[in-house]
Protein chains: 2
Amino acid sequence: MKDIARRAGVSESAVSFALNGRPGVSEATRARVRRVAEQLGWRPSTAARALSGEGAATVGFVLARPAHTLGVDSFFLQLVSGIQEVLAERHLGLLFQVAEDVADECAVYRRWWAEHRVDGVLVADPRAADPRPELLDELGLPAVVIGGAPDVRHPGLSTVWADDAGAMASVVDELTALGHRRIVHIAGLPDLAHTRRRIATLRAEAERRGLGEVRSVTTDYSDTEGAAVTRRVLGGSPPPTALIYDNDVMAVAGVAAAADLGFCVPQDVSVVSWEDSALCRMVTPRLSALSRDSAAFGRTAARELLALLDGAPARSVGVPVPRLTGRGSTGRAAPAGGRRVRE
Amino acid sequence: MKDIARRAGVSESAVSFALNGRPGVSEATRARVRRVAEQLGWRPSTAARALSGEGAATVGFVLARPAHTLGVDSFFLQLVSGIQEVLAERHLGLLFQVAEDVADECAVYRRWWAEHRVDGVLVADPRAADPRPELLDELGLPAVVIGGAPDVRHPGLSTVWADDAGAMASVVDELTALGHRRIVHIAGLPDLAHTRRRIATLRAEAERRGLGEVRSVTTDYSDTEGAAVTRRVLGGSPPPTALIYDNDVMAVAGVAAAADLGFCVPQDVSVVSWEDSALCRMVTPRLSALSRDSAAFGRTAARELLALLDGAPARSVGVPVPRLTGRGSTGRAAPAGGRRVRE
DNA sequence: TCTTGACACTCAAGCGCTTTAGCGAGCACC
DNA sequence: GGTGCTCGCTAAAGCGCTTGAGTGTCAAGA
């Protein structure tokens, strides 16, 4: 920068003004400085910038999930790639960290805050009794909660949310229209806010419609638990005629487990996956799934965070309701007692 | 820090010495300073540290892959989580970026370098005629190439490599022992170095054994291409009796495609997936797969980078040869002409 | 002619830390 | 008793940038 100042024949401050688009230099000088800077391939040192109060030009993202459920999910990489896309436009960096659990995640936020490492954070997987909004509010760290319900208690946080309730209602609509009355929802982690929302909505919808045998079972999202729960519920009497899985991995594992028990999909039991991916298109039958655009979700979240960093007030925005892509795994409910069971 | 100095009754420099374990203060003072710092919940500002020449305490990782192949692969999230694990021990941050292509990736390195944003980088997916080692050498940015062959031309870069050649040889061993002589390798992106290594090894092994009909077909790793190629090669006459897929996604898609054509796995055709994951265990039959520990791969790479940052000389380390986990998708080769084809 | 003010720019302080040079005290040694 | 050394510490500069206060110039207005 000193070099630029020297070569352009002005002071360092002038260079700073010129390069940051601030008033205080003539257009001629600005252009000259810009040219010299370009020639020299100059880029501001983020460290120096951060030190003089400009912020770290970095956004943080912590993922707190058990390690074994990490790789399975296609959702997060898509999400991150969407986030990236928006951040890259402004040359903001994404600091990524994997944490053990929420407590660990909070520690990371504290550290980042103390070290002035990030200007804001994206919070994933909001939970029941989540300590994170509280903490971030306290630290004054701008944050966007991804997938959370609008949270009136923490007006400082923005929220980007998918309408799980609406989506669940539409799935139940679809299934009841096909004659299903015994539905089991193989849900995800019980602590997650969206898991609770889905469960609550399912129960409400079932009551509204007078459906008797409808329930949710929580899992850890793994194929193992998905298969185990499937075996368990299909062993009940009478077994459900429709299964809703909270992710694609469990849905696929569930179909395999069902097949092992002699249940045909969709003749004996219909299956819906709450997550669309290549997986759903690779198995036989292809799975009917709720498609959402995870990358777009990430983009929206990142944009909200940028707005927050620009000083805009926090707000809550929704992303489109995921829609059900019907494929071969959903069909009319089997008439009561008509299911085939392997002897 | 000023506060600490005041409360501990020493100068700021003494605090710096004490906290960084440098000589120049008595043990008594050091302990006192440490205590006060802890009390105050002090953490050094990364920005200030970086500015005074300590480095950014951050490692960069760029992923340059077509967006649609991103979410599918379980490999990367596992890898990153392994990397993280090691970096976290030293409180190093991981700056993550998704790039369009290698040129874009190079631009990111240049920017990071100019902005002093990272102390080193991890380079994934080494390619044939890869410009990145050259660039990183030129910039003097410490780097570890993940999955690259040891590169003698760039002695500044460390390399962490998996023995693809050995693994391929063992797979061919296994298949020929089962009587397979017509093998098709559905490979990944043709530019990737490890794709080339696998292809070359397969050819060499085939020649060594006098196997006639052995070839590799490159793809973009997607389920779509995996299925398409499978259909194409199984339509040949005579069709191969064994298929080796370079990732799990294609293998699963391939099995489905084979089933569509009336080929039974493993009676008509054996399938091996070069990537083990929940996916391989979810389909019927369960897929025989090469298992490697991606997280451990990431940990090793991160450790190598740390060593580099500590001033150790660059070196090349191997990770264990992935071993073939036999499951239901491999069996004896069908006798020539004995395959069933749907009429 | 003198004031006023806008404008283009410079000066210098300061962000929070590291680090080199230096200083005084205490000690050993000849 | 002086010299030379080590030890524990302080003072101050500097990393690269931003920024508020200040300076000089020129043109318009009184």
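The sequence lines fix the lettering, A, B, ..., with proteins before strands; numbering per chain opens at 1.
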| request: Give a yes or no on whether the backbone of A:Glu304 and the side-chain of A:Ser158 come within a donor-acceptor separation of less than 3.5 Å. | output: no
| message | Five pairs per end, C1' atoms only: what is the angle between the end axes of the helix from C:dT1-D:dA30 to C:dC30-D:dG1, to 10 degrees? | response | 60°
| field | 5′-ward residue of the pair A:Ser11/A:Gly53 relative to DNA chain C | value | A:Ser11
| remark: Taken to the nearest whole Å, CG/A:Leu19 to P/D:dG16 is 16 Å
| task | Decide whether A:Ser16 and A:Ser13 meet the rule of one side-chain donor and one side-chain acceptor closer than 3.5 Å. | result | no
| request: Remember a base hit wins even if backbone is also touched, and classify B:Glu12 as base, sugar-phosphate or nothing at under 4.0 Å, heavy atoms. | output: base
| said: Regarding C:dA8, can its base be found pairing with the side chain of A:Thr29 as donor and acceptor, where the two atoms are less than 3.5 Å apart? | reply: no
| task | Using a 4.0 Å heavy-atom cut-off across all strands, classify A:Ser26 as base, sugar-phosphate, or nothing. | result | sugar-phosphate
| query | Taking A:Gln84 for the side chain and A:Gly298 for the main chain, is one N or O donor matched with an acceptor at less than 3.5 Å? | reply | no
| field | Under 3.5 Å donor-acceptor, B:Thr29 side chain and B:Val25 backbone | value | no
| message | What is the distance, to the nearest angstrom, from the NE2 atom on A:His116 to the P atom on C:dC15? | response | 12 Å
| message | If you assign A:Ala47 and A:Arg22 each to the DNA chain D nucleotide with the nearest heavy atom, which residue ends up on the more 5' nucleotide? | response | A:Ala47
| Hey, is the main chain of A:Ala99 close enough, under 3.5 Å, to the side chain of A:Asp104 for a donor-acceptor pair? | no
| request: Just compare C:dT19, C:dC17, D:dG16 and give me whichever is closest to any side-chain atom of A:Ala48. | output: D:dG16
| Counting side-chain heavy atoms from CB outward, which of D:dT19, C:dT18, C:dT19 is closest to A:Ser16? | D:dT19
| remark: The residue, B:Glu27 or A:Asn20, whose nearest nucleotide of DNA chain D is more 5′ is B:Glu27
| message | Name the residue from B:Glu100, B:Arg132, B:Gln97, B:Arg110 that meets the side-chain contact (heavy atoms from CB on, under 4.5 Å) definition with B:Glu105. | response | B:Arg132
| task | Given side-chain contact (heavy atoms from CB on, under 4.5 Å), test A:Phe61 with A:Val123 step by step and report yes or no. | result | CA-CA 7 Å; A:Phe61 184 54; A:Val123 179; over 6 Å; no
Short N/O separations, protein against nucleotides 4-7 of chain C, under 3.5 angstrom:
none

| said: Distance check needed: C:dC11 P versus A:Lys2 NZ, whole Å only. | reply: 14 Å
| request: Just call it for A:Gly24: base, sugar-phosphate, or nothing, with non-hydrogen atoms closer than 4.0 Å on any strand. | output: base
| message | Less than 4.0 angstrom from a charged side-chain N to a carboxylate O is my criterion; do B:Asp310 and B:Arg90 meet it? | response | yes
| Proximity to the side chain of B:Val10 - top-ranked nucleotide from C:dT18, D:dT10, C:dC17 | D:dT10
Can I get a per-line list of side-chain donor-acceptor pairs under 3.5 Å for residues 32-41 of chain A, giving both atom names and the distance, sequence neighbours left out?
residue : atom : partner : partner atom : Å
A:Arg32 : NH1  : A:Ala8  : O            : 2.3

| query | Considering only side-chain heavy atoms of A:Glu54, which listed nucleotide, D:dA11, C:dG16, D:dT18, is closest? | reply | D:dT18
| Rounded to the Å, how far apart are B:Leu51 CG and D:dC15 P? | 9 Å
| Integer-rounded Å distance: C:dC17 P and A:Glu115 CD | 11 Å
| query | Counting side-chain heavy atoms from CB outward, which of D:dT18, C:dC17, D:dC17 is closest to B:Met1? | reply | C:dC17
| Residues B:Thr159, B:Arg315; criterion side-chain hydrogen bond (donor to acceptor under 3.5 Å, both in side chains); working and verdict | CA-CA 6 Å; B:Thr159 296; B:Arg315 60 175 192 158; over 6 Å; no
| said: Checking side-chain contact (heavy atoms from CB on, under 4.5 Å) between B:Leu122 and each of B:Leu305, B:Val62, B:Val80, which is the one that passes? | reply: B:Leu305
| field | Nearest to side-chain heavy atoms of A:Phe17, which nucleotide of D:dG16, D:dG20, D:dC9 | value | D:dG20
| note | Against the side chain of A:Arg49, the closest entry in D:dT18, C:dC9, D:dC15 is D:dT18
| To the nearest angstrom, how far is B:Arg32 atom CZ from D:dG8 atom C1'? | 12 Å
| request: Using a heavy-atom cut-off of under 4.0 Å over every strand shown, decide if B:Ser45 touches base, sugar-phosphate, or nothing. | output: sugar-phosphate
